[in-house]
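The next block holds one structure in the form of structure tokens; read it before the comments.
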Number of protein chains: 2
Amino acid sequence: MTGSTGDTRSRIQAVALELFTEQGYEKTSLREIAERLGVTKAALYYHFKSKDDIVDSFVSDRVERLDRLIEWAAEQPVDAVGRRTTLRRYCEEFFGDDGRNVMQFFEQNRTVVKHHPAGQMLRDRMLRIAELLSRADPSPAGQLRATLALFSVHGSLFALRGEISSTERQELALEIANELLDRIGEDPTGNDEPEPGTDSTPAAAAG
Amino acid sequence: MTGSTGDTRSRIQAVALELFTEQGYEKTSLREIAERLGVTKAALYYHFKSKDDIVDSFVSDRVERLDRLIEWAAEQPVDAVGRRTTLRRYCEEFFGDDGRNVMQFFEQNRTVVKHHPAGQMLRDRMLRIAELLSRADPSPAGQLRATLALFSVHGSLFALRGEISSTERQELALEIANELLDRIGEDPTGNDEPEPGTDSTPAAAAG
DNA sequence: GTCTATACTTAGATAGAC
DNA sequence: GTCTATCTAAGTATAGAC
């Protein structure tokens, strides 16, 4: 019943990801990961060539998925509807299966991500998505709104006290993100150029 | 010219804080900190009893300042004006002198903060401020808006590409944070109870 | 207040048996 | 595919001279 597994590799990934997120990458030793799985350190080295390589294995997968999302998002219309659609897909990607776990690792290990090649790619993709979301207003205001919209999804995981179901959480994150997205390229003060061809927000249009 | 210093202690704090933020707490060794200052590891132990203690020294100071802010914020009116006032002070605290540095350390070392006693206090104070900001609407929506308002300040440091002055950055962060704060306890859809006695937002008041 | 020297522990990683 | 045994490097921390 030792089980020839074959999925030992993914069990290592799962345990490592969990511990890296909970305790931090540096604080988690290979010994600890091995013990949790009931194997020895040496066994880990059969499946991964280094500690870093474990990170690579699940981050790279995430980067690929985001690349597909980016490619798709670039084709969406540059208006409030397009932004909402893009963020909705991002949200689905985020809350899906291991998506959430990897992104939480991302949040909890910023300095690792910053210096790790695969981490830099992930970080880069995040910035790229924010960039696409603020195409209608690439000014600092647009950039910050887009970033906060993304962070609405991320933050919904730890900002909310009290019981709340996953779908409620998801809907709430989208609702507030949409408020931010709707303001991109809109300009309620009436100074700069308004975004052409966008009126998904009924309020504040009197001249 | 060796300088009897006397401020060696604060030089250690400054260098440590910078390296912890840039490379991460765990990745930064005491050897590295000592080398930067041109002293030996042992010298550090004269001023601090451990590596953790260095973190304590600058985080505790931050916690005290936030405690005063919290005490003050609790006295502010529970309306949009009170929230704006509170966040403005938070912003000033954040962008002031070492405030920004410590809070960046906080962002970059989440797992350290999570398991470090002083870090937990800092984290706790952040949550408390969000709680105060969402008093008018303690629902998940209010909580998330308040958290995003705070994050508008934090995020303004890394979300913005291109050159931008510190004051511009600060003003922008406040502007967008205020948009979020104004929606707390407001309810534009007209479902739940609206916040009593608040009309700092001129738009959308037709009944 | 800072140094040299060192004790103690643990980390990541490899070699080779089974 | 997993084990035992071991290497090498680096870490935090302490003792005691100056």
Side-chain angles (χ1 to χ4, degrees), chain A residues 1-59 105 108-109 111-113 115-119, chain B residues 1-59 105 108-109 111-113 115-119:
Chain A
M1 200 58 84
T2 53
S4 72
T5 65
D7 65 345
T8 300
R9 185 185 154 93
S10 34
R11 289 175 63 228
I12 295 172
Q13 286 178 317
V15 168
L17 181 51
E18 184 190 333
L19 291 177
F20 289 166
T21 304
E22 168 59 27
Q23 316 179 327
Y25 175 76
E26 317 280 359
K27 270 287 189 197
T28 304
S29 65
L30 296 177
R31 177 190 54 74
E32 197 172 0
I33 297 171
E35 269 176 10
R36 272 252 197 146
L37 291 165
V39 298
T40 63
K41 278 194 295 176
L44 303 184
Y45 280 93
Y46 173 78
H47 297 279
F48 300 94
K49 72 178 203 296
S50 71
K51 192 183 179 184
D52 264 26
D53 193 42
I54 303 180
V55 173
D56 268 52
S57 72
F58 52 70
V59 171
F105 164 84
Q108 298 291 317
N109 294 275
T111 58
V112 176
V113 164
H115 296 93
H116 197 92
Chain B
M1 200 58 85
T2 54
S4 72
T5 66
D7 64 346
T8 301
R9 186 185 153 93
S10 32
R11 290 175 63 226
I12 295 172
Q13 287 179 316
V15 168
L17 181 50
E18 184 190 331
L19 292 176
F20 289 166
T21 304
E22 168 59 27
Q23 318 178 325
Y25 175 76
E26 317 280 359
K27 271 288 188 196
T28 303
S29 66
L30 295 178
R31 177 191 55 73
E32 198 172 0
I33 296 171
E35 270 176 9
R36 272 251 198 148
L37 291 165
V39 297
T40 63
K41 282 192 291 177
L44 303 183
Y45 280 94
Y46 173 78
H47 296 279
F48 299 96
K49 72 178 204 296
S50 71
K51 191 183 179 184
D52 265 26
D53 192 41
I54 303 179
V55 174
D56 267 52
S57 72
F58 53 70
V59 171
F105 165 85
Q108 297 292 318
N109 294 275
T111 58
V112 176
V113 165
H115 296 93
H116 196 92

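Residue numbers start from 1 in every chain, and the chains themselves are labelled A, B, ... in the order their sequence lines are given, proteins ahead of strands. No experiment lies behind these values; they were computed from the predicted model shown.
A donor-acceptor distance shorter than 3.5 angstrom exists from the side chain of Lys51(A) to the backbone of Thr28(A), with no hydrogens or angles considered.
As a whole-Å value, the separation of Leu44(A) CG from dT14(C) P is 13 Å. What separates CZ of Arg11(A) from P of dT2(D) is a distance of 9 Å, to the nearest Å. If you take CG of Leu37(A) and P of dC3(D), they are 10 Å apart, rounded to a whole angstrom.
Considering only residues two or more places apart in sequence or on other chains, Thr21(A) meets the side-chain hydrogen bond (donor to acceptor under 3.5 Å, both in side chains) condition with none of them. Every residue meeting the ring pair (Phe, Tyr, Trp, His ring centres under 6.0 Å) condition with Phe58(B), not counting sequence neighbours, appears here in chain and number order: Phe105(B). Residues passing the side-chain hydrogen bond (donor to acceptor under 3.5 Å, both in side chains) test with Asp52(B), sequence neighbours excluded: Tyr25(B), His116(B).
Contact detail for Asn109(A) and Phe20(A): the closest heavy-atom pair is ND2-O, 3.2 Å. Tyr45(B) approaches Ser50(B) most closely through the heavy-atom pair CE2-CA, 4.1 Å.
Residue Thr8(A) has no polar side-chain atom (N or O) positioned under 4.0 Å from OP1 or OP2 of dG1(D). At least one side-chain nitrogen or oxygen of Tyr46(A) sits closer than 4.0 Å to the OP1 or OP2 atom of dG1(D).
Within the 4.5 Å cutoff, side-chain heavy atoms of Asp7(A) are placed close to those of Arg11(A).
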*Reading nucleotides 4-18 of chain D 5' to 3', which nucleotides get B (base under 4.0 Å from a protein heavy atom), which S (sugar-phosphate only), which -?*
B------SBBBB---
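Of all the residues in residues 12-23 of chain A, not one reaches under 4.0 Å from DNA chain D with any non-hydrogen atom.
Among pairs with a residue in residues 24-33 of chain A, those fulfilling salt bridge (charged side-chain N to carboxylate O under 4.0 Å, His left out) read Arg31(A)-Glu35(A), at least two apart in sequence or across chains.
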